[in-house]
Q: 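I have a structure I would like to understand better, so I am pasting it below and will then ask my questions one at a time.
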Amino acid sequence: MRRTALLAAAATLLGTLAAAPAAHADRPHGPGARAHGPQVRGLDHCTATDTGSLACRFDVAPGTYDVTLVLGGDEAGSTAVTGETRRALLAETVTGAGERVRRSFTVDVRDPEGEPTGPTGSPGLDLVLGGSAPRVTALRVTPARDARRLFLVGDSTVCDQPGDPYSGWGQLLPARLRSGIAVANHADSGESTVTFLENPALFDRVEAAIRPGDPVLIQLAHNDKQTDAATYRANLTTLVERVRARRGSPVLVTPIVRRWFNADGTLDNGTALLVNGLGVDHPAEVRALAATLGTPLVDLTALTRARVEELGPEASKALYLTSEKRDNTHTSVRGATEYAALVAAELRTRGILPKRLLR
């Protein structure tokens, strides 16, 4: 029964596409050629899947690209867009029967497409036009060479996680941004301030890509389990100074909390609040360093603590992988979505990004 319904949804979507104006791609020529033309058009790059969504692939070189869609059709719909390594690019958008709306975003295409030390992934740009009832009548992908990038430096709580049920908040952040800026998520599982500086595939690559004015959010703490306070401060200072040397805009971010409750229903303990085995209070160190260096601070520890304590020991399980994996450190899609919203609100409130670039 479920398969029949999904196939019917796919058939409806294909019907919508068939009624749309024809779109032709600037196709590359020759073996291994990649599209670099002024415009790459879209719906003829998409095929229906048996889940009722559309899978689209564009043979483009690494870079930033604007994606513009017209959502809606003769029937009511509800469409969301994901891409690359499970990134949320456009939140579910409802359209009424006969209604059409235009939506756009900017996406960062890189190699590897997910975690810097993870699998390479597929070349080019991959999009999935999904949602509970996807309706798309037009799609266009164009180079956005002058777009800004919002770089993320972090660990597994931030990164583009490759598989369910894991999700990093950086993976859900793109859906909070409008066209004109792309999230370049270079967070990588298992990394600390020490390893992010040591491995040339990590910060060296971020540093080389920073352009003047690009914000660089830095959240590293979960894996600094044996890093002493002086080394931790020195490493974060190095990251900030190297971003500034490229005329980027560093932003220090305190780590998300672990879901580890006291008997009184609070998270007032070292495990939850990221105090390491040497007694280093990571959030406190980050707050103090931000004040010393004059960098903006996103106090995600305080924000996530308030949210987890608000929900309490039982309801907060939905934010983490407590039930699925007995994991109180890594977030579910819901948790990552909520934490990305907290970050986006701070980017707006603190003027790190102009309001016109935020949804």
Side-chain angles (χ1 to χ4, degrees), residues 112 114-119 151-162 166-171 173 184-210 215-245 248 250-260 269-290 292-293 295 297-302 304-305 320-321 325 327-331 336 339 343:
E115 296 180 86
T117 64
F151 290 91
L152 303 182
V153 169
D155 52 37
S156 58
T157 65
V158 184
C159 75
D160 288 350
Q161 289 280 0
Y166 295 90
S167 293
W169 62 256
Q171 202 162 15
L173 187 61
N185 190 355
H186 288 257
D188 197 68
S189 294
E191 306 300 345
S192 67
T193 59
V194 176
T195 60
F196 218 93
L197 286 166
E198 286 178 344
N199 188 339
L202 297 173
F203 190 70
D204 287 1
R205 186 169 180 186
V206 173
E207 183 178 40
I210 296 170
V216 182
L217 275 59
I218 302 166
Q219 185 215 281
L220 288 166
H222 278 271
N223 300 300
D224 280 279
K225 297 173 183 177
Q226 295 299 318
T227 308
D228 63 74
T231 302
Y232 185 65
R233 289 193 297 269
N235 289 342
L236 288 176
T237 300
T238 297
L239 291 167
V240 167
E241 290 177 345
R242 287 172 63 177
V243 171
R244 285 176 170 167
V251 178
L252 290 174
V253 182
T254 58
I256 69 169
V257 294
R258 296 189 181 100
R259 187 195 155 278
W260 197 265
N269 62 79
T271 299
L273 300 181
L274 281 295
V275 177
N276 77 5
L278 301 180
V280 179
D281 185 332
H282 290 114
E285 293 289 347
V286 175
R287 293 178 190 120
L289 191 62
T292 299
L293 298 178
T295 64
L297 173 72
V298 173
D299 197 345
L300 200 50
T301 304
T304 56
R305 176 182 181 176
Y320 290 81
L321 300 178
K325 300 287 185 179
D327 185 339
N328 292 298
T329 297
H330 297 98
T331 47
Y339 291 176
V343 172

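Nothing here was measured: the structure is a model prediction, and the numbers come from that model.
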Q: List the residues meeting side chain to side chain contact (heavy atoms under 4.5 Å, CB included) with Ala288, not counting sequence neighbours, and say none if there are none.
A: none
Q: How many angstroms lie between OG1 in Thr292 and CZ in Arg287, if you round to the nearest 0.5 Å?
A: 14.0 Å
Q: Any non-hydrogen side-chain atom of Phe151 less than 4.5 Å from a side-chain atom of Val243?
A: no
Q: Any side-chain heavy atom of Asp155 within less than 4.5 Å of one from Gln219?
A: yes
Q: When you look at Thr301 and Leu274, which way does the side chain to side chain contact (heavy atoms under 4.5 Å, CB included) test go after all the steps?
A: CA-CA 9 Å; Thr301 304; Leu274 281 295; 5.9 Å; no
Q: Mind checking whether Gln226 and Asn276 have side chains closer than 4.5 Å, heavy atoms only?
A: no
Q: Asn235: which residues meet the side chain to side chain donor-acceptor pair (under 3.5 Å) condition with it, sequence neighbours left out?
A: Thr193
Q: How long is the gap from OH on Tyr320 to OG1 on Thr304, to the nearest 0.5 Å?
A: 5.0 Å
Q: Drop me the distance from Asp204's CG to Arg242's CZ, to the nearest 0.5 angstrom.
A: 5.0 Å
Q: Locate the shortest heavy-atom distance separating Val153 from Phe196; write the atom from each residue and the value.
A: CG1-CE2, 3.5 Å
Q: Do Phe203 and Ile218 come within less than 4.5 Å of each other through their side chains, counting heavy atoms only?
A: no
Q: What are the two closest non-hydrogen atoms of Leu152 and Gly170, and how far apart are they?
A: CD1-CA, 3.5 Å
Q: So, using side chain to side chain donor-acceptor pair (under 3.5 Å) as the criterion, who are the partners of Asn328 when residues are at least two apart?
A: Arg259, Thr322
Q: For Asn199, which residues count as a side chain to side chain contact (heavy atoms under 4.5 Å, CB included) partner, sequence neighbours excluded?
A: Thr117, Ala201, Leu202
Q: Tell me every residue that passes side chain to side chain contact (heavy atoms under 4.5 Å, CB included) with Thr237, counting only those two or more places apart in sequence or in another chain.
A: Glu241, Leu289, Leu293
Q: So, taking the atom named CG in Leu252 and the one named OG1 in Thr295, what distance separates them when rounded to the nearest 0.5 Å?
A: 3.5 Å
Q: I'd like to check the salt bridge (Lys or Arg N to Asp or Glu O under 4.0 Å) partners of Arg233; sequence neighbours left out, ordered by chain and number.
A: Glu285
Q: Under the rule for salt bridge (Lys or Arg N to Asp or Glu O under 4.0 Å), what residues qualify as partners of Asp281, not counting sequence neighbours?
A: none
Q: Who pairs with Asp327 by side chain to side chain contact (heavy atoms under 4.5 Å, CB included), at least two apart in sequence or on another chain?
A: Tyr166, Leu321, Lys325, Thr329, His330
Q: Any idea which heavy atoms bring Gly190 and Asn223 closest together, and the distance?
A: C-ND2, 3.3 Å
Q: Just grab all the salt bridge (charged side-chain N to carboxylate O under 4.0 Å, His left out) pairs involving residues 188-197, residues at least two apart or on different chains.
A: none
Q: Is any side-chain N of the basic residue among Asp299 and Arg305 closer than 4.0 Å to the acidic one's carboxylate O?
A: no
Q: Measure the spacing between CG of Asp224 and NE2 of His222 and express it to the nearest 0.5 Å.
A: 10.5 Å
Q: Measure across Val280 and Thr227 and return the closest heavy-atom pair with its distance rounded to 0.1 Å.
A: CG2-O, 3.6 Å
Q: Just jot down the ring pair (Phe, Tyr, Trp, His ring centres under 6.0 Å) partners of Tyr232, sequence neighbours excluded, or say none.
A: His282
Q: Got a sec, which residues hit salt bridge (Lys or Arg N to Asp or Glu O under 4.0 Å) with Asp228, two or more places apart in sequence or on another chain?
A: none
Q: Which heavy-atom pair separates Ser189 from Ser156 by the least distance, and what is that distance?
A: OG-CB, 3.4 Å
Q: Mind checking the CG-CD spacing from Leu239 to Glu207? Nearest 0.5 Å is all I need.
A: 9.5 Å
Q: Restricting to non-hydrogen atoms, name the atom on Gln171 and the atom on Cys159 that form the minimum distance, rounded to 0.1 Å.
A: OE1-O, 3.6 Å
Q: Asp160: what forms a salt bridge (Lys or Arg N to Asp or Glu O under 4.0 Å) with it, not counting sequence neighbours?
A: Arg87, Arg110
